[in-house]
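Indexing begins at 1, ligand by ligand and atom by atom, following the structure's order.
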Amino acid sequence: MSEVSGTPSQSIREAALAIRRSHRLVVLTGAGISKESGIPTFRDALDGLWARYDPQQLATPSAFRRNPKLVWDWYHYRRGLLAQSQPNPGHYAIAELENLLPQVVVITQNIDGLHHKAGSHDVIPVHGDIQLNKCFADCQGDPTFIDITRLEWDPESGPPRCPHCGAYVRPAVVWFEEMLPHAALERAYELSATADVMLVVGTSGTVQPVASLPFLAYQSHAIVIEVNPEPTPITMVARWSLSGPSGVILPQVIAAIKAGLSDSGAADA
Ligand code: APR
């Protein structure tokens, strides 16, 4: 059943009440939250010049070893696309939760940085952030971030070099064949195991290890709430599955939380 039309549905109001009562909210997001910002998916990004390349052949450490300039240039192109994109009402609604609840942490699989742009403060980008760079050898620990604005190099010759060890600098994103950053993943597990509510938005729940987090939260007695136009494997552990685009549903959830806060408390009875 779609939640999109008319006044907030009963399930939106009930879910909003559960969120309003949360002391440790975790929001888990995937590509769907950025859909309404027009973020090209992996495949959409491969138009024009890049159409003949397979992203699975570009976003790997072996591709970078083979041809660092090709991979660097592809990311340069994608960074240019993403730099123009803006958060949508779904991102802003999530950022607004911080004003309404004692603790809100966002775990995102997206590398687009839009949660930060929308104003969320505590964001764990478990797949990295496309605007950041790190040393390919992670010579000072994983990750060794490098600020390339402080480096001088000739872009025609490929990526810049790490000022510490001379290895190439690469985008700070998780590639195929790679593990997720250890500290970020540990924190994501810990938060999921101790959350009282987990709001899962716009993820297909198919890419591990992040796909296991809603199940961990559920087993740890958190209330799981899903926002997605389509059912997913997470739907079976969701107390409420709010069907529709997050840019429409989440503002309705915020409005319902605020309406509940200004009520005399009747909704809590
Ligand atoms: N609002 C909310 N959800 C939406 C919307 C929308 N407007 N539009 C689509 N969705 C849902 C889809 O129904 C789908 O369930 O978003 C989900 C997107 O699924 P995926 O494309 O598989 O994205 P995600 O779950 O983030 O994938 C995880 O896989 O490709 C890798 O590293 C990449 O981070 C990505 C990871």
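- Applying the 4.0 Å criterion to heavy atoms of Ala31 picks out, from ligand 1, the atoms 21 (O), 23 (O), 24 (P), 26 (O).
- Taking the ring axis of Trp74 as reference, the NZ or CZ atom of Arg170 does not stay both within 45° of it and closer than 6.0 Å to the ring centre.
- Residue Gln109 has at least one nitrogen or oxygen atom sitting less than 3.5 Å from a nitrogen or oxygen atom of ligand 1, judged on distance alone.
- Taking a cut-off of under 4.0 Å to the non-hydrogen atoms of Glu230, the atoms of ligand 1 that pass are 13 (O).
- In the vicinity of Gly30, heavy-atom distances shorter than 4.0 Å reach the ligand 1 atoms 26 (O).
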Under 3.5 Å, which donor-acceptor pairs do the side chains of residues 159-169 form with other protein atoms, sequence neighbours left out?
unit_1: Arg161; atom_1: NH1; unit_2: Gly166; atom_2: O; d: 3.1
unit_1: Arg161; atom_1: NH2; unit_2: Tyr168; atom_2: OH; d: 3.4

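- Residue Thr232 places no N or O, backbone or side chain, under 3.5 Å from any N or O of ligand 1.
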Side-chain donor/acceptor pairs under 3.5 Å, residues 191-203, sequence neighbours excluded:
unit_1: Ser192; atom_1: OG; unit_2: Ala188; atom_2: O; d: 2.7
unit_1: Thr194; atom_1: OG1; unit_2: Glu190; atom_2: O; d: 2.8
unit_1: Thr194; atom_1: OG1; unit_2: Leu191; atom_2: O; d: 3.4
unit_1: Asp196; atom_1: OD1; unit_2: Ser22; atom_2: OG; d: 2.7
unit_1: Asp196; atom_1: OD1; unit_2: Arg24; atom_2: N; d: 3.1
unit_1: Asp196; atom_1: OD2; unit_2: His23; atom_2: N; d: 2.7
unit_1: Asp196; atom_1: OD2; unit_2: Arg24; atom_2: N; d: 3.3
unit_1: Thr203; atom_1: OG1; unit_2: Gln109; atom_2: NE2; d: 2.9
unit_1: Thr203; atom_1: OG1; unit_2: Gly205; atom_2: N; d: 3.3

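- Note: Tyr75 and Trp175 have tilted aromatic rings, judged against thresholds of 30 and 60 degrees for the angle between ring planes.
- The nearest non-hydrogen atom to atom 33 (C) of ligand 1, considering only His127, Glu36, Gln208, comes from His127.
- Contacts of Val207 with ligand 1, taken as heavy-atom pairs under 4.0 Å, involve the side chain alone.
- Selection from Pro229, Pro233, Ser246 by nearest heavy atom to atom 3 (N) of ligand 1 gives Pro229.
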Side chain to side chain contact (heavy atoms under 4.5 Å, CB included) between Ile223 and Trp240: does it pass, once the steps are laid out? CA-CA 9 Å; Ile223 295 173; Trp240 294 281; 3.9 Å; yes

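- Ring orientation note: the planes of His115 and His91 are nearly perpendicular, at an angle over 60° on the 30°/60° scale.
- Of the N or O atoms in Pro245, none lie within a sub-3.5 Å distance of an N or O in ligand 1.
- Backbone and side-chain nitrogen or oxygen atoms of Lys35 are examined, and none is located within less than 3.5 angstrom of a nitrogen or oxygen of ligand 1.
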